[in-house]
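Below is one structure, written out as structure tokens; the observations come after it.
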2 protein chains.
Amino acid sequence: MTKIKNMEEFAALSGISRPTVSKYFHDPDSVRPTTRARIEEALERFDYRPNIYAVNQNRKLTKNIGIVVPYLADPFFAEIARYLEQSCIAAGYRPSLFSSHGEQKLENDILDGLQSMKPAGVLLAPLGRTSDQSVIERFCANVPTVLFDSNLEGLGAAFIGSDNFSFVSQTVEYMTRTGEPPSFFEMRTPANPNANKRRKAYIEVMERLGFEPHIIRVDGKGWAFEEIGHKGALKVLAENELRTNSVLCSNDRLAIGFLAACYEQGIRVGRRDDCALRLASNDDHPFAKFTCPSLTTAAHDYDNVAGRSVETLFELIESGGKFETRSETLFPARLVLRDSA
Amino acid sequence: MTKIKNMEEFAALSGISRPTVSKYFHDPDSVRPTTRARIEEALERFDYRPNIYAVNQNRKLTKNIGIVVPYLADPFFAEIARYLEQSCIAAGYRPSLFSSHGEQKLENDILDGLQSMKPAGVLLAPLGRTSDQSVIERFCANVPTVLFDSNLEGLGAAFIGSDNFSFVSQTVEYMTRTGEPPSFFEMRTPANPNANKRRKAYIEVMERLGFEPHIIRVDGKGWAFEEIGHKGALKVLAENELRTNSVLCSNDRLAIGFLAACYEQGIRVGRRDDCALRLASNDDHPFAKFTCPSLTTAAHDYDNVAGRSVETLFELIESGGKFETRSETLFPARLVLRDSA
DNA sequence: ATGAAAACTTTACGCGCGTTAATTTTTGGA
DNA sequence: TCCAAAAATTAACGCGCGTAAAGTTTTCAT
């Protein structure tokens with residue numbers, strides 16, 4: 001089979017002029033059906049495709065879309081990224097996936113590199129508290145960006161995420177209705193802004209129900225939540241810090257660590273009579289089904305969050321990169337009852 | 001601050017000619033220290049960077065490196081990818097991360113798209129059995145590729161992975177030495193070629209030790225290993241298929257499912273006297289530390305596998321994309337004793 | 001068949017940078 | 001101080017494609 005060097009050559013072989021071929025690659029429907037057929041016929045025979053670098057150089061806007069998540073080793077983000085990737089491909093874009101790996105410098109570097117890719121748009125789940133606001137602000141000023149998962153006030157053209165209040169209110173209400181009111185278990189200085197909203201929601205719901213909020217904060221930095229939850233839980237259990245037999249974890253990965261600690265200490269967790277503790281959590285992490293016991297948790301509406309995020313980005317791109325007003329869309333949680341509470 | 005449009009403009013502002021500036025960006029050491037200083041000074045003031053598309057168009061070889069893993073939602077691959085990414089960046093390359101998400105079509109599409117990126121090299125962890133060999137072969141013929149994790153006979157310029165025999169021999173020997181010989185628990189048709197090598201190693205080691213191998217194969221397709229392990233274990237436990245109180249799982253994710261099933265059935269797993277079953281596994285998955293009980297497993301030499309992979313790719317790139325002979329490098333496992341066996 | 005609109009062809013320039021060749025300037029050792 | 005080597009400058013072309021302008025052919029309703 002002949003090796004095609006460039007569009008000129010391919011155009012000659014297909015018997016169509018280069019500008020028309022160029023037009024075809026832009027939008028196959030923009031040429032006459034007969035010429036389209038001839039081009040596609042040649043395409044089958046010769047396996048040519050336009051040089052992406054030459055194409056992108058000459059377009060003001062590329063078909064690239066950046067997807068940035070804070071921590072890809074967390075299967076939650078891996079799943080979301082998967083969905084976003086597929087949606088972008090389906091819409092004819094070329095997604096590029098990046099993980100900040102929990103580090104501000106990396107997040108900055110990624111955004112920096114992303115700018116020189118002239119992307120049509122970016123889906124950004126920022127680190128949160130540890131993000132460099134000024135860097136993100138500058139980035140969003142230059143690149144059409146939709147924030148998801150973690151909201152940074154006023155940054156990006158829109159935000160799509162989960163309604164943290166809905167998460168916590170459902171778990172707290174369920175636990176109090178079927179047992180004792182829970183203590184709230186979290187990291188002392190959570191990186192993710194969702195954590196702060198969950199704490200506030202916990203306090204509000206508890207007070208509304210007439211209970212005294214009881215928050216347990218454990219030490220630890222970074223994104224090794226299981227480890228932090230594990231260590232923290234061992235301490236909590238040793239010092240008997242629980243006021244009731246009921247615990248609500250800020251997120252599932254902390255809960256996984258907590259459950260491991262309980263298991264080691266021989267403390268049975270669950271809602272059955274022979275259990276000493278009930279534990280619920282938030283997120284519905286992909287592994288939550290396989291913890292011991294399986295984890296009762298408030299599930300993100302993955303599909304809607306991811307789906308709406310790409311939809312919003314596409315709208316943003318079609319609107320020329322700017323919205324009149326910044327919108328925030330929150331999807332409620334769905335309570336998933338399993339064995340731990 | 002002035003917006004710089006192109007290298008011409010930047011060169012003028014820095015008082016250096018464009019070809020010299022171009023040379024600088026290729027290799028800062030290739031210009032005289034004084035001119036380098038002048039360029040870098042201007043660089044501070046004006047924040048210019050070369051247009052990557054124009055650069056890549058005019059270089060035969062880009063500075064791009066593709067990293068392809070079969071399933072990014074598996075934290076094992078996420079961690080490896082993280083390491084590979086960082087190493088590439090440190091060496092001055094631009095890594096792009098892709099996940100095949102367990103699907104052949106996607107793997108093919110990724111390789112397809114990768115080709116038009118003219119990457120300097122690619123680090124590929126193929127799907128394995130479900131890979132389209134011919135597609136990968138064609139790809140490797142065009143792009144300098146180092147395979148890792150899953151070996152495909154003869155494909156790629158080199159392979160770096162783990163020594164599956166070392167994994168299984170250590171776990172089997174440990175279990176027999178401290179208790180009963182294990183049954184081997186695996187998927188009926190594993191996608192990953194490592195699984196087959198592990199089975200063979202199990203048989204060989206068992207026979208050498210004078211025990212009869214006993215393999216339990218469970219149904220299930222795809223990459224939802226926890227689910228498959230869970231269902232399979234429930235069946236195995238219900239039908240009492242175990243011959244001894246000892247099980248070796250082909251990999252940790254299956255083991256996670258197995259442990260969940262045991263927990264549900266009230267079967268205590270561990271090496272203590274009050275336990276009914278001992279369970280060991282392979283991989284040292286990032287979550288293996290937090291299972292209930294924590295998982296005794298043979299750990300990949302993550303650092304060496306990842307480190308050697310990038311090293312090998314860099315050598316390959318410097319050798320012009322071809323090695324005289326294809327090499328296979330296997331790193332032995334390290335037995336990690338935890339509570340499950 | 002006719003004529004205007006639609007689609008295509010030809011021609012040519014531009015994008016930003018790599019790269020080469022010929023020329024000029026700078027450097028550093030004798 | 002001088003001179004050869006090293007480095008920088010100037011000038012110019014090429015990469016593969018987007019795109020615009022002007023001219024030609026095809027299409028389709030009348």
Side-chain angles (χ1 to χ4, degrees), chain A residues 2-43 46-64 92 94 113 115-120, chain B residues 2-43 46-64 92 94 113 115-120:
Chain A
T2 336
K3 279 272 170 191
I4 277 79
K5 223 185 54 185
N6 55 29
M7 194 183 282
E8 196 80 54
E9 203 171 309
F10 173 77
L13 285 167
S14 64
I16 307 285
S17 72
R18 189 174 71 76
T20 304
V21 172
S22 173
K23 222 176 149 216
Y24 165 84
F25 279 111
H26 245 302
D27 174 12
D29 284 322
S30 68
V31 301
R32 210 182 290 152
T34 56
T35 61
R36 174 172 178 171
R38 289 174 67 188
I39 292 174
E40 283 171 351
E41 186 183 303
L43 226 38
F46 296 113
D47 170 55
Y48 158 81
R49 84 197 58 185
N51 179 312
I52 54 171
Y53 298 113
V55 170
N56 285 334
Q57 175 178 19
N58 294 312
R59 255 208 270 269
K60 305 174 214 324
L61 224 59
T62 68
K63 278 285 188 178
N64 296 329
R94 304 183 94 250
Q115 278 213 44
S116 51
M117 284 180 63
K118 295 193 268 179
Chain B
T2 335
K3 280 272 170 190
I4 277 79
K5 222 183 53 183
N6 55 28
M7 194 182 280
E8 196 80 53
E9 204 170 308
F10 174 76
L13 284 167
S14 63
I16 306 285
S17 71
R18 188 174 71 76
T20 304
V21 171
S22 173
K23 220 175 151 218
Y24 165 83
F25 279 112
H26 246 303
D27 174 11
D29 284 323
S30 68
V31 301
R32 208 182 291 152
T34 55
T35 63
R36 172 172 179 171
R38 287 173 69 187
I39 292 174
E40 283 172 350
E41 187 183 302
L43 225 38
F46 296 114
D47 169 55
Y48 158 80
R49 84 196 57 185
N51 179 312
I52 54 171
Y53 298 113
V55 170
N56 285 333
Q57 175 178 17
N58 295 311
R59 255 208 272 269
K60 305 174 213 323
L61 223 61
T62 68
K63 277 286 189 178
N64 294 329
R94 306 183 92 251
Q115 278 211 45
S116 52
M117 283 181 63
K118 294 194 266 179

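Lettering of chains follows the sequences in order, A, B, ..., and the numbering in each one begins at 1. Not measured: the values here are computed from a predicted model.
The two residues A/Y48 and A/N51 have their closest heavy-atom pair at OH-N, 4.5 Å. Minimum interatomic distance between A/R36 and A/Y24 (heavy atoms only, all atoms of both residues): CG-CE1, 3.9 Å. Of all heavy-atom pairs between B/K23 and B/V31, the closest is CB-CG1, 4.4 Å. When all heavy atoms of A/Q57 and B/Q57 are compared, the closest pair comes out as OE1-OE1, 2.6 Å. Heavy-atom minimum distance, B/P119 versus B/T62: CA-OG1, 3.6 Å.
In the region residues 28-35 of chain A, proximity to DNA chain C at under 4.0 angstrom, judged on heavy atoms, holds for A/V31, A/R32, A/T35.
DNA chain C is contacted by both B/V55 and A/R38; A/R38 maps to the nucleotide lying nearer its 5′ end (nearest heavy atom per residue). Of the two residues contacting DNA chain D, namely A/P19 and A/R49, the nearest-nucleotide position lying further toward the 5' end is that of A/R49.
Rounding to whole angstrom units, CZ of residue B/R36 and C1' of D/dA7 are separated by 16 Å.
Of all nucleotides in DNA chain C having an atom under 4.0 Å from a heavy atom of chain A, the first and last in 5' to 3' order are C/dA7 to C/dG16.
Phosphate contact (OP1/OP2 of D/dT9, side-chain N/O of B/T20, threshold under 4.0 Å): present.
Contact annotation for B/Y48: backbone-only contact, meaning every heavy-atom pair under 4.0 Å involves sugar-phosphate atoms and none involves a base. Residue-level contact check: B/R18 touches the bases, meaning some heavy atom is under 4.0 Å from a base atom.
Side-chain atoms of B/L43 and B/F10, non-hydrogen and from C-beta on, do get closer than 4.5 Å to each other.
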